[in-house]
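FYI, side chains are in, hydrogens and waters are out, and symmetry mates aren't considered; it's all heavy atoms of this structure. Keep in mind that this is a model prediction, so the values were computed, not measured.
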Amino acid sequence: MTNPHIGNTGVNFDDDESRQCFLAGLVIRSLSITTSNWRCVETLGDYLAERNVMGIYDVDTRAITRRLRQDGSLIGVLSTEQSRSDDELLEMSRSWDIVGIDLISGVTCNAPYEWVDETKSEWDFNSDGRDRDTYRVIAYDFGIKHNILRRLASYGCKITVVPSTWPAAETLKLKPDGVLFSNGPGDPSAVPYAVETVKEILGKVPVFGICMGHQLLGQALGGKTFKMKFGHHGGNHPVRNPRNGRVEISAQNHNYAVDPASLPEGVEVTHVNLNDGSCAGLAYPALSIMSLQYHPEASPGPHDSDCGKNFFTTPNFDNLIKSFAF
């Protein structure tokens, strides 16, 4: 975290975005000794300790950020073993790489389940009220955020969440109105099984991809993905829609991107990251596909992405437009 003071808000379980904490480690500058938010039920330190997550503070995180901005993403090591020498720690860092590692298998659900939780009013941005029609959506869990599911449910969707390895044939048997390929961590090139699943579904049902799902769609269409120098992380990334010139501030958290030059004819880049010009959204009307690199559910924010239903006008997109209020 680059913000200097962490922990003063504390932790509350209503804000959890997954069934468990998948965090491997946390590095911060200053750990607050008190909490002052009315929703707090636990301190950050206790939260991490109960889940056996390593954390370290009194680190100059902004100096680390300046180093990363110059040299790109680097591998670091956190250890409680004081007996290890600096050379041993360096060797540990050199023996691991994020490239080519399947990280979604460690965060996906173990079996399909129906999303039945009601969307509370504070998370429901559907000001028009729930649509009368009910849409059947299959959501592939590559590390899916709960607020994505809440938003879909608030627009009248019946959602079945399936594991990352769920066969495409089983999905198509359910005759969904749309398929969502969710966000998730790691290298899309390290999960060829997921790319094959996407390929088998394309053209048979409208699909929408977010983050990892966006990258998998890019690969399934024949495009290439690449590791960025330092990725996009945070809630302040400006994204422009070249169709109408609209700029929105978005939340992003990814280390890989789709190379738009590698995509076949007919695939349109719908959104561009204004910081570096990278591809932030795709559409392929011929196969009823759309995707975004960032988090369009806009929960908890920023809310610029929560735009009108008529953003896409291709008729084949109607089901997913209405369900996601994109």
Side-chain angles (χ1 to χ4, degrees), residues 68-69 71-75 96-108 140-144 164-166 168 179-233 237-243 250-296 312 317:
L68 298 179
R69 294 291 295 184
D71 297 337
S73 296
L74 301 170
I75 303 298
W96 190 85
D97 197 344
I98 192 174
V99 177
I101 303 297
D102 175 4
L103 295 180
I104 66 175
S105 61
V107 299
T108 189
Y140 274 81
D141 178 9
F142 302 134
I144 197 166
S164 61
T165 55
W166 189 249
V179 173
L180 168 71
F181 299 109
S182 84
N183 59 292
D187 183 355
S189 298
V191 288
Y193 60 88
V195 177
E196 289 303 313
T197 299
V198 176
K199 285 182 180 179
E200 292 176 33
I201 292 175
L202 292 186
K204 299 180 177 70
V205 63
V207 300
F208 184 77
I210 297 175
C211 203
M212 170 63 80
H214 160 82
Q215 297 162 16
L216 294 175
L217 279 168
Q219 288 200 0
L221 289 168
K224 297 179 180 178
T225 56
F226 63 94
K227 187 175 185 297
M228 309 177 81
K229 182 177 180 180
F230 33 70
H232 296 156
H233 309 281
H237 287 264
V239 172
R240 182 178 183 272
N241 176 357
R243 292 175 168 182
S250 65
Q252 304 198 19
N253 187 24
H254 61 103
N255 289 305
Y256 293 82
V258 175
D259 178 6
S262 66
L263 295 168
E265 186 177 351
V267 180
E268 179 184 0
V269 175
T270 60
H271 297 76
V272 177
N273 188 300
L274 292 181
N275 285 336
D276 57 13
S278 61
C279 174
L282 297 172
Y284 193 11
L287 293 180
S288 299
I289 296 170
M290 60 181 179
S291 66
L292 290 173
Q293 180 61 79
Y294 53 99
H295 294 276
F312 283 95
F317 283 97

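Contact of the P238 side chain with the N275 side chain is registered, since non-hydrogen atoms from C-beta on lie closer than 4.5 Å. With a 4.5 Å cut-off on side-chain heavy atoms, S189 and T225 count as touching. Residues I98 and Y256 form a side-chain contact, since some pair of their non-hydrogen atoms from C-beta on lies under 4.5 Å apart. Between H232 and S278 there is a side-chain heavy-atom pair separated by less than 4.5 Å. Residues Q293 and C211 form a side-chain contact, since some pair of their non-hydrogen atoms from C-beta on lies under 4.5 Å apart. Two residues are said to be in side-chain contact when any heavy atoms from C-beta on lie closer than 4.5 Å; M212 and P188 meet this criterion. Between L217 and V258, the closest side-chain pair of non-hydrogen atoms is not below 4.5 Å. At a threshold of 4.5 Å between non-hydrogen side-chain atoms, the residues V107 and L103 do not count as touching.
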Mind running side-chain contact (heavy atoms from CB on, under 4.5 Å) on S291 and Y284 for me, showing each step along the way?
CA-CA 9 Å; S291 66; Y284 193 11; over 6 Å; no

Worked verdict on N273 versus Q252 for side-chain contact (heavy atoms from CB on, under 4.5 Å):
CA-CA 10 Å; N273 188 300; Q252 304 198 19; 3.4 Å; yes

Take F226 and S262, measure what side-chain contact (heavy atoms from CB on, under 4.5 Å) needs, and give me the verdict at the end.
CA-CA 11 Å; F226 63 94; S262 66; over 6 Å; no

side-chain contact (heavy atoms from CB on, under 4.5 Å) between V207 and I289, worked out
CA-CA 5 Å; V207 300; I289 296 170; 3.6 Å; yes

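Checked by atom type and distance alone, the side chain of Y140 pairs as donor or acceptor with a backbone atom of W166 at under 3.5 Å. Judged by distance alone, the side chain of S182 and the main-chain N or O of D141 form no donor-acceptor pair under 3.5 Å. Formation of a donor-acceptor pair under 3.5 Å by the D187 side chain with backbone atoms of G100 is found in this model.
Summarising the geometry of V198 relative to L216, their closest heavy-atom pair is CG2-CB, 4.2 Å, with the distance given to 0.1 Å. Of all heavy-atom pairs between I104 and Y193, the closest is CG1-OH, 3.5 Å. Scanning all heavy atoms of the two residues, the minimum distance from L292 to G281 falls at CD2-CA, 4.0 Å. Taking both residues in full, the closest heavy atoms of A168 and I201 are given as CB-CG1, 3.7 Å, listed atom of the first, atom of the second, then distance. Listed here is the closest heavy atom pair of S250 and V239: OG-CG2, 3.4 Å. Here the closest heavy-atom approach between residue L282 and residue T270 is recorded as N-OG1, 3.4 Å.
Note that the CG atom of D259 and the SG atom of C279 stand 9.0 Å from one another [nearest 0.5 Å]. Rounding to the nearest 0.5 Å places CG of L221 at 9.5 Å from NZ of K199.
Within a 6.0 Å radius of NZ in K227, other residues, nucleotides and ligands contribute more than 12 heavy atoms.
In summary, the side chains of N253 and H233 do present a donor paired with an acceptor at a separation below 3.5 Å, with no hydrogens or angles considered. Between the side chains of H254 and N183, no donor-acceptor pair of N or O atoms lies under 3.5 Å.
In this pair, F181 and F142 present their aromatic rings parallel. The plane angle is below 30°, not in the 30 to 60° band.
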